[in-house]
J.: 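First the structure, then my questions, so here it is.
These numbers were taken from a predicted model, which means no experiment stands behind them.
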Amino acid sequence: MILWFLKDRKFSVDEAVNKLTKAIKWRQDFNVAELTEEAVKDVAQTGKAYVHDFLDIYGRPVLMVIGSKHFPEAQEPKDDERLCVFLVEKALSKLPTGKEQMIAIVDLRGFGTENADLRYLTFLFDVFYYYYPKRLGEVLFVDAPFVFKPIWQLVKPMLKSYASLVRFCSAEEVRKEYFTDESLPPNFRD
């Protein structure tokens with residue numbers, strides 16, 4: 001964990017210690033160690049996000065998000081946040097030896113304005129920037145509809161250099177470039 005923070009802060013020990021100290025306090029305050037399948041069961045049953053059973057072809061754990069299944073009004077924001085952190089922890093636990101990063105695939109097919117949630121997106125960015133630095137290797141936005149474009153324009157400046165991790169692509173590109181037929185996530189099977 002120390003190495004992640006050192007890499008994130010370009011090996012500035014003081015900056016890394018400061019950021020790591022805040023992350024440890026956040027982990028305690030958020031009760032990360034107490035997050036279990038049972039604790040997030042209700043919101044997980046929506047199918048809005050899960051850790052895929054297989055790694056991608058680059059050996060990375062896959063965090064799947066189905067944008068059309070996220071309805072901000074349907075769950076308490078804290079429940080969505082707990083699910084997010086639980087799934088990040090679960091994905092990290094699947095890292096093969098020698099690998100340090102996961103991939104997030106955000107399936108935006110069927111996404112509409114009723115699924116938009118800037119508050120939750122801000123939480124996600126904070127989580128990966130402050131508490132899981134250098135753990136997200138790539139983010140795929142799959143088949144983003146026109147309605148998503150203004151949301152992306154609002155969010156992109158907040159990401160700063162992390163925006164370079166984002167790739168807009170099609171479901172077909174995900175199928176061909178990231179998985180084998182056997183390892184393909186269920187929502188990308190024909």
J.: To the nearest 0.5 Å, how far apart are CD1 in Ile57 and OH in Tyr178?
T.: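 Reported to 0.5 Å precision, the distance equals 8.5 Å.
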J.: Should we say atom CZ of Phe11 is surrounded by more than 12 heavy atoms from elsewhere, each under 6.0 Å from it?
T.: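 Result for CZ/Phe11: enclosed.
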J.: Indicate, with yes or no, if the rings of Tyr129 and Tyr162 have centres closer together than 6.0 Å.
T.: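 Yes, ring centres under 6.0 Å apart.
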J.: If Ile, Leu, Val, Met, Phe, Trp and Tyr residues are connected whenever their side-chain heavy atoms lie under 4.5 Å apart, and connections chain through other members, are Leu63 and Val142 in the same group?
T.: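 Leu63 and Val142: separate clusters.
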J.: Find the distance between CD1 (Ile151) and NZ (Lys156) and round it off to the nearest 0.5 Å.
T.: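 Nearest 0.5 Å value for the CD1-NZ distance: 15.5 Å.
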J.: Does atom CD (Glu114) have a neighbourhood of more than 12 heavy atoms from anything else shown, all under 6.0 Å?
T.: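 Yes, enclosed.
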J.: Is the ring centre of Phe179 less than 6.0 Å from the ring centre of Phe188?
T.: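 No, they do not, as the ring centres are separated by 6.0 Å or more.
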J.: Rounded to the nearest 0.5 Å, how far apart are CZ of Arg135 and CG of Leu92?
T.: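 It comes to 5.0 Å.
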J.: Check this for me, if you would: do Asp107 and Arg109 make a salt bridge, where the nitrogen-to-carboxylate-oxygen distance has to be below 4.0 angstrom?
T.: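 Yes, this pair counts.
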J.: Would the distance check show the side chain of Arg167 and the main-chain N or O of Val139 forming a donor-acceptor pair, the cut-off being under 3.5 Å?
T.: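 Looks like no, no N/O pair under 3.5 Å.
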J.: Does NZ or CZ of Lys90 lie under 6.0 Å from the centre of the six-membered ring of Tyr50, at an angle within 45° of the ring axis?
T.: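 Relative to the ring axis of Tyr50, which defines the angle, Lys90 lies outside at least one limit.
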J.: Report yes or no: is the cationic atom of Lys149 (NZ for Lys, CZ for Arg) closer than 6.0 Å to the six-membered ring centre of Phe168, at no more than 45° off its axis?
T.: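 Cation-pi check for Lys149 and Phe168: passes.
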J.: Less than 3.5 Å apart, any donor N or O on the side chain of Gln101 or Tyr132 sitting next to an acceptor on the other?
T.: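 Distance-only check fails for Gln101 and Tyr132.
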J.: Spell out, as yes or no, whether a donor-acceptor pair under 3.5 Å connects the side chain of His52 to the backbone of Ser183.
T.: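 Indeed, once roles are kept as given, a pair shorter than 3.5 Å links the two residues.
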J.: Kindly compute the distance separating CE (Met64) from CG (Asn187), expressed to the nearest 0.5 Å.
T.: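 The distance works out to 4.0 Å.
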J.: Do the side chains of Glu34 and Arg82 get close enough for a salt bridge, i.e. N-O under 4.0 angstrom?
T.: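 Looking at Glu34 and Arg82, the cut-off is not met.
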J.: Between Lys19 and Glu15, does any side-chain N to carboxylate O distance fall below 4.0 Å?
T.: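 No, Lys19 and Glu15 are not salt-bridged.
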J.: Does a salt bridge link Asp181 with Arg189, judged by any charged N lying under 4.0 Å from a carboxylate O?
T.: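 Looking at Arg189 together with Asp181, the answer is no, because their closest N to O distance does not fall below 4.0 Å.
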J.: Look at the side chain of Glu89 and the backbone N and O of Phe86, then say whether any donor-acceptor pair between them is shorter than 3.5 Å.
T.: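 Not at all, since once roles are kept as given, no pair shorter than 3.5 Å links the two residues.
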J.: Has Asp126 got a side-chain atom pairing as donor or acceptor with Phe123's backbone, closer than 3.5 angstrom?
T.: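 Absent.
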J.: Considering all heavy atoms of both residues, which atom of Leu95 and which atom of Pro61 are nearest to each other, and what is their separation?
T.: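 The answer is CD2-CD, 3.5 Å.
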J.: Answer with yes or no whether the hydrophobic clustering places Met158 together with Val106; edges join I, L, V, M, F, W, Y residues whose side-chain heavy atoms lie under 4.5 Å apart.
T.: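 Hydrophobic grouping puts Met158 with Val106.
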J.: To the nearest 0.5 Å, tell me how far Cys169 SG sits from Lys176 NZ.
T.: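 Cys169 atom SG to Lys176 atom NZ measures 13.0 Å (nearest 0.5 Å).
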J.: How many angstroms lie between CG in Leu83 and OG1 in Thr46, if you round to the nearest 0.5 Å?
T.: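 These two atoms lie 7.0 Å from each other.
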J.: How about Phe111 and His70: are their ring centres within less than 6.0 Å of each other?
T.: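 No, they do not, as the ring centres are separated by 6.0 Å or more.
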